[in-house]
Amino acid sequence: MGTTNEDFYDAAIRHWIDGEILEEQEEYDNAVCMQGFAAECALKAILKVGCPDDIVRKYSHYGKELFRDVVMMLSGDIHLAAMTNPATGLRLSQIVLPDILFRNHPERRYYMDGKYSKEDAEQCRNATDSLIREITSLRLDGYMEDEHGRI
């Protein structure tokens, strides 16, 4: 439905991969930051399926609010739920996002090194993995267009 130049799906995948690489290199601060961006983009990709661009843009980097509203809309808006896989709302409602995923996001990109641990990076990666699986399923099942408007 959206028409912006943003490709939240591709950005989510790119940031998720970067986060995993950074975690493997024990760059936990940057890994946490990238997983936060990946989660934000994944949620915006889901929201963009049924909402106009101005609604998607209003969330800026407010990941917790974005997640809450996406789950609420998919669970309570039959029109929006029909535009995605109806089970998406149920699966998303079962995901627990750790507070650290969006805490001080995106300002933390300016923090000094050493703030985040291996465990922090693992928590963020695990939560983001679930969101990446959702958007990948939506794309493969034809509910989400690619950057060229193709399903």
Side-chain angles (χ1 to χ4, degrees), residues 1-24 27-28 30-109 116 119-151:
M1 180 176 239
T3 58
T4 63
N5 291 328
E6 292 101 351
D7 187 335
F8 294 116
Y9 176 87
D10 283 350
I13 300 296
R14 183 176 63 248
H15 294 320
W16 173 67
I17 291 169
D18 290 348
E20 290 206 345
I21 292 168
L22 289 163
E23 184 181 349
E24 288 172 7
E27 295 290 340
Y28 303 125
N30 290 332
V32 167
C33 187
M34 285 295 102
Q35 294 300 350
F37 281 120
E40 174 192 339
C41 290
L43 291 168
K44 286 180 177 178
I46 294 168
L47 189 63
K48 196 171 175 177
V49 169
C51 292
D53 294 336
D54 59 327
I55 299 293
V56 176
R57 271 192 227 103
K58 85 171 186 158
Y59 285 97
S60 185
H61 296 292
Y62 301 110
K64 282 186 180 192
E65 293 83 358
L66 178 60
F67 180 68
R68 180 197 64 219
D69 290 355
V70 166
V71 170
M72 183 177 59
M73 284 186 265
L74 289 175
S75 299
D77 184 334
I78 194 69
H79 175 69
L80 185 58
M83 296 176 82
T84 65
N85 181 331
T88 299
L90 293 172
R91 285 192 301 268
L92 286 174
S93 70
Q94 300 303 308
I95 296 172
V96 177
L97 298 181
D99 286 336
I100 199 164
L101 186 61
F102 292 122
R103 188 183 319 131
N104 301 317
H105 174 76
E107 295 83 11
R108 65 179 164 210
R109 66 182 178 243
Y116 298 104
E119 292 75 27
D120 294 334
E122 288 173 352
Q123 283 182 25
C124 291
R125 176 181 30 84
N126 289 336
T128 304
D129 285 355
S130 298
L131 295 173
I132 295 297
R133 277 193 301 276
E134 276 306 315
I135 64 170
T136 302
S137 292
L138 288 170
R139 173 73 63 93
L140 292 173
D141 291 342
Y143 293 103
M144 188 179 290
E145 295 177 347
D146 68 11
E147 67 277 8
H148 303 290
R150 297 180 303 233
I151 292 187

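Keep in mind that what you see is a predicted model, and the values were worked out from it rather than measured.
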- Item | Which atom of V32 lies closest to which atom of I100, heavy atoms considered | CG1-O, 4.3 Å
- M144 and V49: which non-hydrogen atoms are nearest, and at how many Å? CE-CG2, 4.0 Å
- Taking all heavy atoms of L101 and all of A39, pick out the closest pair and write down the distance. CD2-CB, 3.7 Å
- State the CG-OG1 distance between L97 and T128, to the nearest 0.5 angstrom. 7.5 Å
- Determine, stepwise, if the pair T136 / R133 fulfils side chain to side chain donor-acceptor pair (under 3.5 Å). CA-CA 5 Å; T136 302; R133 277 193 301 276; over 6 Å; no
- Message: As an exercise, state the distance from CG of L140 to CD1 of I135, rounded to the nearest 0.5 Å.
- Response: 10.5 Å
- So, for A45 and F8, which heavy atoms are closest and what is the spacing to 0.1 Å? N-CB, 3.7 Å
- Item | Nearest heavy-atom neighbours spanning A42 and L131 | CB-CB, 4.0 Å
- Message: Would the distance check show the side chain of K44 and the main-chain N or O of E6 forming a donor-acceptor pair, the cut-off being under 3.5 Å?
- Response: no
- Go through the steps for F102 and E40 under the test side-chain contact (heavy atoms from CB on, under 4.5 Å), then give the verdict. CA-CA 8 Å; F102 292 122; E40 174 192 339; 4.2 Å; yes
- Got a second to check how far I21's CD1 is from M34's CE, nearest 0.5 Å? 11.5 Å
Show me the side-chain donor-acceptor pairs of residues 11-18 shorter than 3.5 Å, one per line, residues at least two apart or across chains.
from	atom 1	to	atom 2	distance (Å)
W16	NE1	D129	OD1	2.6

- Item | Gap between atom SG of C124 and atom CG of D99 - 0.5 Å precision | 10.0 Å
- Query: Could you give the distance from OH (Y116) to CD (E122), rounded to the nearest 0.5 Å?
  - Reply: 16.0 Å
- To the nearest 0.5 Å, atom CZ of R125 lies from atom CD of E24 at 8.5 Å
